[in-house]
Every structure is written in C-alpha cells, then in structure tokens.
Amino acid sequence: MGQLLRVQNFTVSRDGFGAGENQTLERPFGDADPGEMFTWAGATASWPMRTEPGGSRGLDDYLTRDFTRNIGAEIMGRNKFGPQRGPWENLDWRGWWGDEPPFRTPVFVMTHHPRPSFTLSDTTFHFVDDDPAVVLERAKEAAGGKDVRLGGGATTIREFLDADLVDTLHVAVSQRDLGSGVRLWKSPDELLDRYHLDVVPSPSGVTHHLFWRR
C-alpha cells in the first residue's frame, strides 16, 4: 500500500470529544482530565513514560507498543503543540514536552503563523501553512519511506478525513462524557461510507475502534 497516513491511540470521550474547552498552558486538554482519558494507555507495560516496572499486557499494551512502529514523521495541529493563538509571541517556549519530545521524528505543525524550525534532541519541529495534501507530501518525503502519523487534535484529524487522506484510524473511546469541547465525531458511523470498522472492547473499560479504507 505504500506509505500510510495513520491515526493511532487517539482517545475521545463517549460523546466524541478529543479535548475539553478552556485549553491553557497548564491544561493541554482543557476541561478534560487526561488522567481519566488516557488511563488505558498509562496502565500498560509499554507506556513510554512508565517509571516503575509492571503494567498491564493484552490489547491495550499491544496498541500502545504499536504507536511508534514504522513511523517516520508526524503531523499535528497547532493546538497540540501549544495553547497559543494568533502570531507567536514567545519563540522561546518550545512545546509541552521539554527537551526530550517523545516523537523522535520530523514533526509538521499546521499553523497560519509559521515560525522557524527547531530541533530538540532527535525531534525537529517544522511549522507549515499549507493545505493537508501538501503537508502530507512533505511529511511523507521526510519520513523516508515509513508511514506518517496524524497526531491530532480532533480538528486536524477531521480536516484530513474531509480531504480523504487518512488510511487507517485507531480511536479509543472512553466511558466518560465531556458534553462540550473539540469534537471528532457525533458517531463513528459517520465514517462507515469510506472505512471498514472493527469495534473491540477492552477490559480496561475503553472500546477500541479500528478503521481501514474500503
């Protein structure tokens, strides 16, 4: 199939929101509690930020471990990089991840306000103001033959879905309702005209939705 654009381990609430309202520097997911939303991944043995031995195995662990498999670049929206709006006022602030971002690939940040690229450890951030198809071509070239991960947020994923550019999606649906925020869907059935879907419940309480092109 060649290089794929993949959404992986993207978590939404039961009512389809990927983040809550009122995003700030201290609260990247706004009113949503990431501790509740991402418990399924954080409890696994393969969670990359695990500091103690142990952790669960099984389906959740497999999907967490698969996050980096054959990924050569990532695309994300500006709100995943940071909470700022409009022109960049502080170029010294370089994202939520500190000096060791977890991506370890080129990352293309979609924004209407480009800024110079920079590198932290083995991750290079590029800031691009282009339509999704152009950004995807740049990311594929940078990926060196590997796949490209579409990291989110929900608005950016919808933009690439609407452009019919996404090849596979893994969405973990939690059991919590948010009521408002940044929505990925009202129902996963919205995608069934273009994608096959397997729905797999996990003992952790989330339900994994696995989509691939028809």
Side-chain angles (χ1 to χ4, degrees), residues 6-44 47-50 60 63-64 67 74-103 107-115 120 123 125 127-129 132 135 149-163 166 169-188 190-191 202 204-209 211:
R6 297 156 50 190
V7 175
Q8 293 179 273
N9 296 5
F10 191 78
T11 302
V12 301
S13 62
R14 185 165 49 190
D15 49 354
F17 294 99
E21 297 179 333
N22 304 310
Q23 183 192 48
T24 66
L25 183 63
E26 295 75 23
R27 296 184 63 90
F29 291 90
D31 296 332
D33 181 351
E36 293 181 0
M37 294 278 285
F38 300 103
T39 297
W40 72 270
T44 65
W47 180 242
M49 290 174 280
R50 173 169 292 283
D60 290 349
L63 291 168
T64 301
F67 185 71
E74 169 145 343
I75 299 169
M76 67 173 65
R78 177 171 174 174
N79 289 358
K80 181 174 177 179
F81 178 83
Q84 302 93 339
R85 304 293 188 271
W88 299 94
E89 297 180 0
N90 180 9
L91 296 183
D92 293 331
W93 191 80
R94 296 189 168 191
W96 273 299
W97 306 280
D99 294 333
E100 296 283 342
F103 308 104
V107 175
F108 293 82
V109 181
M110 297 185 67
T111 172
H112 295 303
H113 300 276
R115 57 182 277 186
L120 292 172
T123 297
F125 291 94
F127 299 84
V128 292
D129 182 15
V135 175
R149 181 172 54 235
L150 182 58
T155 300
T156 300
I157 292 174
R158 285 301 321 194
E159 190 175 358
F160 278 79
L161 283 170
D162 291 345
V166 179
L169 301 86
H170 163 225
V171 181
V173 179
S174 75
Q175 294 305 302
R176 183 182 176 204
D177 291 326
L178 286 179
S180 63
V182 185
R183 179 167 246 157
L184 178 65
W185 58 42
K186 291 184 178 179
S187 167
E190 297 168 13
L191 304 182
S202 167
S204 64
V206 299
T207 302
H208 297 291
H209 289 64
F211 298 85

### Task
Would you sort out whether S204 and D60 count as a side chain to side chain donor-acceptor pair (under 3.5 Å), showing the intermediate values?
CA-CA 8 Å; S204 64; D60 290 349; 2.6 Å; yes

### Message
Under 4.0 Å between a side-chain nitrogen and a carboxylate oxygen: does that hold for E74 and K80?
### Response
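Counted as a salt bridge, because a side-chain N and a carboxylate O are separated by less than 4.0 Å.
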
### Query
With the threshold set at 4.0 Å, does a side-chain nitrogen-carboxylate oxygen contact exist between R158 and E190?
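Salt bridge between R158 and E190, a charged N being under 4.0 Å from a carboxylate O: yes.
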
For the [atom1] atom of [X] and the [atom2] atom of [Y], what is their distance to the nearest 0.5 Å?
X    : Y    : atom1 : atom2 : answer
S180 : D31  : OG    : CG    : 6.5 Å
L184 : S13  : CG    : OG    : 9.5 Å
T64  : Q8   : OG1   : CD    : 10.5 Å
R115 : Q84  : CZ    : CD    : 7.5 Å
T11  : R176 : OG1   : CZ    : 13.0 Å

Aromatic ring centroids of [X] and [Y] under 6.0 Å?
X    : Y    : result
F67  : F103 : no
F211 : W185 : yes
F127 : W88  : yes
H209 : H170 : no

### Message
Taking CG in D99 as the centre, count heavy atoms belonging to other residues, nucleotides or ligands within less than 6.0 Å. Is the count above 12?
### Response
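Check fails, neighbour count at 12 or below.
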
### Query
Please walk me through it: do F29 and F38 pass ring pair (Phe, Tyr, Trp, His ring centres under 6.0 Å)?
CA-CA 11 Å; F29 291 90; F38 300 103; 5.1 Å; yes

### Message
Can you see whether W97 engages T123 through a side-chain donor-acceptor pair at a distance of less than 3.5 angstrom?
### Response
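Absent: no donor and acceptor within the cut-off.
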
